[in-house]
Amino acid sequence: MEKIESGKIDISPQPIEIMPLVEQTLEANSSYGEQLRVRFALSQALPGVMVLADNGRLMQVLTNLLSNAAKFSPADDVVSVSVKRSGESVRVAVSDHGPGIPEEFRGRIFEKFSQADSSDARQKGGSGLGLSISKALIERMGGSIGFESQPGKGATFYVDIPEWQEQRTAEHRRKRDPRRPRVLICENDHAMAGYLSALLDEGGFSSDIALDAVHAKWLLNNGHYVAMTLDSILPDQSGLSLARELYLKKHTHSLPIVVVSDCADQARESLGGDMHSVVDWLGKPVDGNRLLAAVRRIVQQNQLPRILHIEDNQDTASMVRELLSDLADVTVSVDMEDAKFRLARETFDLVILDLLLPDGFGTDILTHIKDVRSRPVPVVIYSVYPVSEEMARRVAAAFVKSETSPDQLRETICLFLDSACLVDIKV
């Protein structure tokens, strides 16, 4: 529980087929049910459906629900488990015929150390932490937990887990921003490739997928990529031999590679330390945060500086982008909501800020920048309105559009992008 609350627990959602996991959990807990003279039975199935979840943690949650249902079931009873769709999620429900959940306890059922009978004479064991931990784990996987109950007629506890659908990943790729850094995913497993693509999309990157070495080499010959993820096992060539081959070619010699493999440690020993293009080795299930951190490091080292221009005037945004096209990669946010979304998920080297935006006053974003960034980011105000001396001290520079030439703006931004000492935001 302490690990969950401190964010130190390891949870790595992956695309997994739900029915084998449910069936495995039922089999693993059957002997516990027999001890209590309770049988577990699958009443409804959803074959072939994938969910996005951490295999071990989801099994832990379902085990807790089965354990509770068995403890509170009458002898020689059956606990039924159903799997069905619920909106864009898959619902796994565990139903018993026990006494149900007391009305006065329902609001506290997922709290730590909560028990319907907390007296010294209570007959059912347990710490009162199981449901609280289950709730935290499911929510960390992007799902939810709930229950339905009638006094004296049993209870049904259920978890809703995000369904994994390949077409959603394809839709992400169709809508990708061409200005985003692009990563090549070379992955033998189609579901894993889709997961990596969605993960990179959420992290602010675009991606292309190659399921074999031939396709990967074709994409590399016909496109530009800031990095590549590489499975060590491919259907037509060893991933490691492909890495060596790319290292020996002029146009891919410096391509940063993140190896993603079931046997990452063995692959590292096999490849040796003479190939500096491999920047990290990740086992499966993949640590998403570590993968994104590795790709972001690559981008920061090899790409043009990134500027976020918060501006709702399309003509001004186009002028600034053209003005700085050789200096930086400029991303435009037309309102504060979009700017906050991007700042929370992407890394920028400088922010150009208009003061009057459709959903608020531009300077309100200064505190948000300070909160989400681990290092100071210079802010240049570029607006039709002048700012006060106090506000000017809080930013790197402030310009009035009508009084500032494009050359002045460019020279100032160039100065801050080249400066080794970034200007802090004082809030």
Side-chain angles (χ1 to χ4, degrees), residues 1 3-4 9-86 89-98 109-110 115 123-148 154-164 189 191-192 195 262 283-286:
M1 196 71 232
K3 285 184 178 180
I4 292 173
I9 197 161
D10 181 25
I11 295 181
S12 300
Q14 304 284 336
I16 56 174
E17 191 174 349
I18 186 63
M19 289 314 305
L21 182 141
V22 170
E23 291 164 358
Q24 183 181 354
T25 307
L26 290 173
E27 177 65 27
N29 288 277
S30 60
S31 60
Y32 177 76
E34 290 172 1
Q35 294 174 26
L36 299 175
R37 294 172 57 188
V38 172
R39 182 169 63 88
F40 300 127
L42 185 63
S43 62
Q44 186 174 351
L46 203 59
V49 172
M50 309 281 287
V51 296
L52 191 61
D54 184 303
N55 189 87
R57 297 301 182 183
L58 180 54
M59 185 175 288
Q60 180 181 346
V61 170
L62 296 181
T63 293
N64 179 258
L65 298 187
L66 290 173
S67 170
N68 286 347
K71 282 193 295 186
F72 289 96
S73 290
D76 302 316
D77 200 16
V78 175
V79 170
S80 64
V81 178
S82 65
V83 185
K84 60 184 179 181
R85 282 192 173 90
S86 178
S89 298
V90 171
R91 174 168 293 186
V92 182
V94 178
S95 302
D96 64 60
H97 301 94
I109 195 165
F110 293 111
Q115 294 164 327
Q123 297 180 350
K124 308 298 181 183
S127 64
L129 279 172
L131 286 175
S132 177
I133 290 174
S134 295
K135 182 175 186 293
L137 291 176
I138 283 294
E139 289 177 350
R140 287 284 303 275
M141 288 185 273
S144 61
I145 188 170
F147 69 93
E148 299 168 353
T156 296
F157 281 83
Y158 58 84
V159 291
D160 289 340
I161 312 141
E163 182 177 357
W164 174 260
D189 186 296
M192 173 60 68
Y195 167 69
D262 286 314
K284 296 179 182 178
V286 176

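In this text, all values refer to a predicted model and were calculated from it rather than measured experimentally.
- The two residues Gly130 and Asn64 come nearest to each other via the heavy atoms CA-ND2, 3.4 Å.
- The heavy-atom pair separating Asp54 from Met141 by the smallest distance is N-SD, 3.1 Å.
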Between Glu148 and Tyr158, does a side chain to side chain contact (heavy atoms under 4.5 Å, CB included) hold up when you go through it step by step?
CA-CA 8 Å; Glu148 299 168 353; Tyr158 58 84; 4.2 Å; yes
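- Residues satisfying the side chain to side chain donor-acceptor pair (under 3.5 Å) test with Asn29, not counting sequence neighbours, are Thr63.
- Rounding to the nearest 0.5 Å places CZ of Phe110 at 13.5 Å from CD1 of Ile133.
- For Ser86, the side chain to side chain contact (heavy atoms under 4.5 Å, CB included) partners are Arg91, Asp160, not counting sequence neighbours.
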What do the steps show when you test Asp96 against Thr156 for side chain to side chain contact (heavy atoms under 4.5 Å, CB included), and what is the final call?
CA-CA 6 Å; Asp96 64 60; Thr156 296; over 6 Å; no
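- The side chain to side chain contact (heavy atoms under 4.5 Å, CB included) check on Gln24 picks up Met59, with sequence neighbours excluded.
- Glu163 has its side chain out of reach of Leu52: every pair of non-hydrogen atoms, C-beta onward, lies at least 4.5 Å apart.
- The distance from the CG atom of Leu131 to the CD1 atom of Ile145 is 6.0 Å, given to the nearest 0.5 Å.
- What you find for Ala41 and Val78 is that their closest heavy atoms are CB-CG1, 3.7 Å.
- The line from CD1 of Ile161 to CD1 of Ile138 is 5.5 Å long, rounded to the nearest 0.5 Å.
- Between Ala69 and Val94, the shortest heavy-atom distance links the atoms CB-CG1, 3.8 Å.
- In this structure, Tyr195 OH and Lys284 NZ are separated by 11.5 Å, a value rounded to the nearest 0.5 Å.
- Taking 4.5 Å as the limit, every side-chain heavy atom of Phe72 sits out of range of all side-chain heavy atoms of Val79.
- Between Asp77 and Arg39, the closest side-chain pair of non-hydrogen atoms is not below 4.5 Å.
- The two residues Ser43 and Ser82 have their closest heavy-atom pair at OG-CB, 3.6 Å.
- Taking the side chain as every heavy atom from C-beta outward, Leu58 and Ile18 approach each other to under 4.5 Å.
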Can you check side chain to side chain contact (heavy atoms under 4.5 Å, CB included) on Lys84 and Val90, steps first, answer last?
CA-CA 6 Å; Lys84 60 184 179 181; Val90 171; over 6 Å; no
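- Note that OG1 of Thr25 and CG of Leu62 are 5.0 Å apart. Values are rounded to the nearest 0.5 Å.
- Looking at every heavy atom in both residues, His97 comes nearest to Ser73 through N-OG, 4.3 Å.
- The backbone N or O of Gly48 sits less than 3.5 Å from a side-chain atom of Glu17, completing a donor-acceptor pair.
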Give the C-alpha distance, both sets of side-chain angles, the deciding distance and a yes or no for side chain to side chain contact (heavy atoms under 4.5 Å, CB included) between Leu36 and Lys71.
CA-CA 7 Å; Leu36 299 175; Lys71 282 193 295 186; 4.2 Å; yes
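- Between the CZ atom of Phe147 and the OG atom of Ser95 there is a distance of 13.5 Å, given to the nearest 0.5 Å.
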